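Have a look at the structure below, then the notes.
To find a chain, count down the sequence lines: A is the first, B the second, and so on, and within it residues start at 1. No experiment lies behind these values; they were computed from the predicted model shown.
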Amino acid sequence: MNPFPFDTFEPKWQAHWEDNKTFHVANPGDANFDASKPKYFVLDMFPYPSGAGLHVGHPEGYTATDILGRYKRMNGHNVLHPMGWDAFGLPAEQYAIKTGQHPRVTTEQNLDNFRRQLKSLGFGYDWSREINTTDPEYMKWTQWIFIQLYHSYFCEEDQKAKPISELEAKGMSREEIDEQRLAFISEAPVNWSPDLGTVLANEEVEEWKAKGHTVERRPLKQWMLRITKYSQRLIDDLAPLDWPESIKLLQTNWIGKSTGAEVSFDLQGNDITVFTTRPDTLFGATYMVLAPEHSLVSEITTAEQKEAVEAYIKACASKSDMERGEMNKDKTGIFTGAYATNPVNGEQIPVWIADYVMMGYGTGAIMAVPAHDERDFEFATKFDLPVIQVVEPNDKSDWQGYTGNGKSVNSGFLDGMKTKDAKRAMIKWLIDNNKGKPQTNFKLRDWLFSRQRYWGEPFPIIWENGQHRTIPESELPLLQPDLEDFKPTGDPRGPLVKATDWIKYSETAERETNTMPQWAGSCWYYLRYCDPNNSDRFISKEAEEYWSADGATVDLYVGGTEHAVLHLLYARFWHKVMFDLGHLSTNEPFKKLVNQGLILGEDGQKMSKSLGNVVSPDDVVNEYGADSLRLYEMFMGPLTQVKPWQMKGVEGVSRFLAKVWRVAMTQSDEGKWVISDKITNDEPTDKALLKVTHETIKKVGEDIEKMSFNTAISQMMICTNAFTKADKVPATLLRDFLKCLNPFAPHITEEIHQHITDAHPSAKCSTGRILSDRGWPSYKEEFLIESEVTVVVQVNGKLRAKLTVAKDISKEDMEATALADENVKQYTDGNTVRKVIVIPGKLVNIVAN
RNA sequence: GCCGGUGUGGCGGAAUUGGUAGACGCGCUCGACUCAAAAUCGAGUUCCUAUGGAGUGUGGGUUCGAUUCCCACCGCCGGUACCA
């Protein structure tokens, strides 16, 4: 038998909240909207509804946000706490390929299961705002946003997106305009996975390779989003955000800004430009390296070297990315036979090609300064190329391979300058001599936005006479055609090519057959929650402004670190574009971000099917109840920390809830749970009980604000132990305690509260209102104060006595009392007291020897 | 290699404007209740060569006093990798 009947009252309260729309929040303009309340938007990263259902990692973040949401609600906020489904994705499509089952069917099934599981945990979501990225009404607006991107360009002067119509007004040609669109067609080499039958974004490559899929470089015509234009803003706007510094750093490094200069080298009439962050070392450039894919390679290669160079290029091309990565220690390369002229000293330097120079970054060519660059040094050592020192280290370290700052030497007009000054002087020289200019580069690449998949949003694009254009908004949403066979065709246009009727838009126009990546839907879902049923706009102006008050849309966003550079970067980018175009009032989507730590299996390993250490929330709910699961996940340790699951720990918090239950409830002779005689309607007089209750109100409130849930729970355990020990517990104290526990364990607290209120109705607390609708309790300072305190006495820093003294005892009295103590005397007798430190109300330390 | 995080009992973890190290929970031990067990309640539980001493990864430093501040190092976890 269960120690308390959670199996009956948990479903009861879940039904009550649902029937009474307890957690429904109104929008501006709605009948029951209360504009006087401040808003609080607390968001979970919405799940992908996989076939496996929830695992115990999901409710960790969800419980944390639920506690905050319920707490803020009790403190008088309009709380927006929604849930939805990121339901496009490869597993549903792969299942469809295997079984012929339409992805929409499996997605619906999975989603029903997820919803059932989440409801069984009692989260206070406003289910009327549930969204689903695969819902045609949702897709419509994802496609609409793409159309906005398509019809926008990035104005360099104002550093913001503007409508394409401005360029048309300037009389720019169609070709020139297409070059500028934020959504554009590119025919660059992309990451193509033959076995997945699709291309992947740079950010996704590692993930899929880790799952055993092959990925190769292949030139394809693809849709791209011009996220690189936002590089600088994406870095700058991180600063004021309340995000973990590590995530900010991760994004900053991913965007990868570096400042330096472009330098032009003459090569028998050809101009080759290189990028360097160290223009001050130009005198030390003893050779040049081009990427094997560099366009000038074939032109400059001499007849004698032609064969060897072509063989090297072929060898590089056949190497997979993986092999290139593994071999990154061992440098390879080949001499082209050509020589370039170092612009600053006229030296003839050999031009090599090597795969340690990437075509995708900078200009695909470098000046090699082996004395002060590790890679160049390694290469020069291997191929016996000259190494000339041009920087003298500040310390005594070896100059060979020294990459730090110092003083320029062997560098003509730079000699004696500090690195910083030498950089500036060289850049000035390059400008004055028309040999280069200052340059900033970013590692971030434009976002490859098309996929060759069925289960994604089709592009709202048609092609006619080789040109693309968007379909009219009235034709949105554009749904995928029905297919019988979802198999990839190997055709880089994707599986939609099979739907010949669907493709045909008119006699002369055809639909785009690519679809959008899974990230598209998650880029803006938080906005849709604010106004989920709007059929005229993606979000209404009023809803947007209300839920974005205080300069941020989402007040608190909780999710895993795995999205540090993907979802969180993409969403910020879309948000900024929509802000630039005047559709949003904030510049950033997520004010505060918290990453919950991974929950490991009992064995300390990551939970996985193959290890058999996966814990299902359903099993825990069945055995211990939802409140126990919620409470345990919060009690395990700090939210942000990685921590192992322990079923014994669930038992522990379950015991705690049983204790709370038995404080209020007792079993009648017939086995029925009834309110205990211990609960009285008297005014509380027990000082100790008043103190612990008010301490609990104070600490739990403060700890929730700090998201320090484990310590809040430990305080509630202390309070419960005091209630258990007491002969009588006044109903008002128990009620205040239940309010504190309510955000953590909402079912049991509602149930007990209902029993107390029925048994002990009072003017202050009439029947009929549930706990969740009552306010957060307040504590009184007067109950926290004690007249006596325990003071620690140390001799030479070691604890020798504890004294109980009046709280307001004077320093002198405290010192005298301490010195007079028998235990203390044992250690001071025979020694001279040199010094006495007295911290009032806390400690006395006697220094004696 | 680089960047970030972290290190406290048998275990999860508490405590930082420097002031009783180990809150709370798990586990374990003993006791009460019971024919017995479970559940529940009560007592105890950092370690040791134990009237004392040691102790928050290691070694130093600052201080009357350091888990907390400073310097050097080590282990583990995560990210990233020829980005010029």
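- Spacing between B/A66 and B/G55 at atom P, rounded to whole Å, works out to 11 Å.
- A/Val791 comes within 4.0 angstrom of nothing in the nucleic acid, heavy atoms only.
- Atom CZ in A/Arg800 sits roughly 15 Å away from atom P in B/G65 (whole-Å rounding).
- The nucleotide whose nearest atom lies closest to any side-chain atom of A/Gln646 is, among B/G53, B/C11, B/A54, B/C11.
- Between A/Gln605 atom CD and B/C77 atom C1' the separation is 12 Å, expressed in whole Å.
- Note: A/Phe383 and A/Trp352 have tilted aromatic rings, judged against thresholds of 30 and 60 degrees for the angle between ring planes.
- Annotation: B/A32 and B/U51 have their P atoms spaced 31 Å apart (nearest Å).
- Straight-line distance from the CG atom of A/Leu249 to the C1' atom of B/C2: 11 Å, rounded to whole Å.
- Both A/Tyr361 and A/Gly652 sit near RNA chain B, but only A/Gly652 has its closest nucleotide nearer the 5' end.
- If you check distances only, the side chain of A/Lys648 never reaches the base of B/C11 with a donor-acceptor pair under 3.5 Å.
- Contacts of A/Lys248 with the nucleic acid, taken as non-hydrogen atoms under 4.0 Å apart, are absent.
- Where A/Lys842 and A/Ala365 meet RNA chain B, the nucleotide closest to each residue was compared, and A/Lys842 sits on the side nearer the 5' end.
- Side-chain atoms of A/Asn721 and A/Lys659 form a donor-acceptor pair, as typed in the model, at a separation below 3.5 Å.
- Side chain of A/Phe275, nearest nucleotide from B/G13, B/A84, B/C64: B/A84.
- In this structure, a donor-acceptor pair under 3.5 Å is absent between the side chains of A/Tyr402 and A/Asp373.
- A/Leu600 places its CG atom 17 Å from the P atom of B/C76, with the value rounded to the nearest Å.
- Under the 4.0 Å criterion applied to side-chain N and carboxylate O atoms, A/Lys643 and A/Glu60 are assigned as salt-bridge partners.
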*Quick one: do A/Phe379 and A/Tyr287 satisfy ring-ring contact (aromatic ring centres under 6.0 Å, His included)? Show the steps, please.*
CA-CA 10 Å; A/Phe379 192 82; A/Tyr287 65 102; 5.6 Å; yes
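- Note: CG (A/Asn595) to C1' (B/G79) measures 12 Å, nearest angstrom.
- Checking B/C24, B/G19, B/A84 against the side-chain heavy atoms of A/Leu843 singles out B/G19 as nearest.
- A donor-acceptor pair under 3.5 Å is formed between the side chain of A/Lys248 and the backbone N or O of A/Leu241.
- Look at the C1' atom in both B/A54 and B/G4: the space between them is 35 Å, to the nearest Å.
- Under the 90° criterion around 0 for the glycosidic angle, B/G9 counts as syn.
- With B/A84, B/U20, B/G53 as the candidates, the nucleotide lying closest to the side chain of A/Gln794 is B/U20.
- In summary, A/Glu815 and A/Lys811 do not engage in a salt bridge, as defined by a charged side-chain N under 4.0 Å from a carboxylate O.
- Each of B/G12, B/C64, B/A54 was ranked by its minimum atom distance to the side chain of A/Asn845; first place goes to B/C64.
- Rounded to whole Å, the distance from NZ on A/Lys798 to C1' on B/A66 is 13 Å.
- For the pair A/Lys257 and A/Phe442, the cation-pi criterion (under 6.0 Å, within 45° of the ring axis) is not fulfilled.
- Of the candidate nucleotides B/G13, B/C64, B/C24, B/G13 has the atom nearest to the side chain of A/Lys643.
- B/C76 and B/C70 have their P atoms separated by 25 Å, with the value rounded to a whole Å.
- Counting any heavy atom pair closer than 4.0 Å across all strands shown, A/Thr561 reaches no nucleic acid atom.
- B/C64 and B/U58: their P atoms are spaced 25 Å apart (whole Å).
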Write out a two-atom table: protein N or O, nucleotide N or O from nucleotides 41-44 of chain B, distance below 3.5 Å.
unit_1, atom_1, unit_2, atom_2, d
B/C41, OP1, A/Arg662, NH2, 3.4

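- Between B/G25, B/G19, B/A23, one nucleotide has an atom nearer to the side chain of A/Ile718 than all others, and that is B/A23.
- Contact check for A/Ile599 versus A/Glu633: side-chain heavy atoms found under the 4.5 Å cut-off.
- Residue A/Phe635 has its side chain nearest to B/G12 when only B/G19, B/A84, B/G12 are considered.
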*Dot-bracket pairing map - RNA chain B, Watson-Crick plus G-U, both contacts under 3.5 Å, | cross-strand*: (((((((..(((......[....)))((((((.......))))))(((...)))..(((((..]....))))))))))))....
*Apply salt bridge (Lys or Arg N to Asp or Glu O under 4.0 Å) to A/Glu378 and A/Lys382, showing your working.*
CA-CA 6 Å; A/Glu378 202 185 314; A/Lys382 179 161 176 183; over 6 Å; no
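- In this structure, CD1 of A/Ile599 is placed 12 Å from P of B/G13, rounded to the nearest angstrom.
- Going from the P atom of B/C30 to that of B/A37 covers 12 Å, rounded to whole Å.
- Close to B/A84, at under 4.0 Å from its OP1 or OP2, lies no side-chain N or O of A/Asn441.
- Under a 4.0 Å N-O distance rule, the pair A/Glu702/A/Lys706 does not qualify as a salt bridge.
- With C1' as the reference atom, B/C2 and B/U20 are 43 Å apart, rounded to whole Å.
- Using a 30° and 60° split on the angle between ring planes, A/Trp661 and A/Phe4 fall in the tilted class, from 30° to 60°.
- When the C1' atom is compared between B/U56 and B/U68, the two are found 10 Å apart, to the nearest whole Å.
- Taking atom CE of residue A/Met636 and atom C1' of nucleotide B/A14, one finds them 17 Å apart after rounding to whole Å.
- When each of B/G25, B/A84, B/G13 is scored by its nearest atom to the side-chain atoms of A/Ser258, the top-ranked nucleotide is B/A84.
- Heavy atoms of A/Ile837 sit under 4.0 angstrom from at least one base atom.
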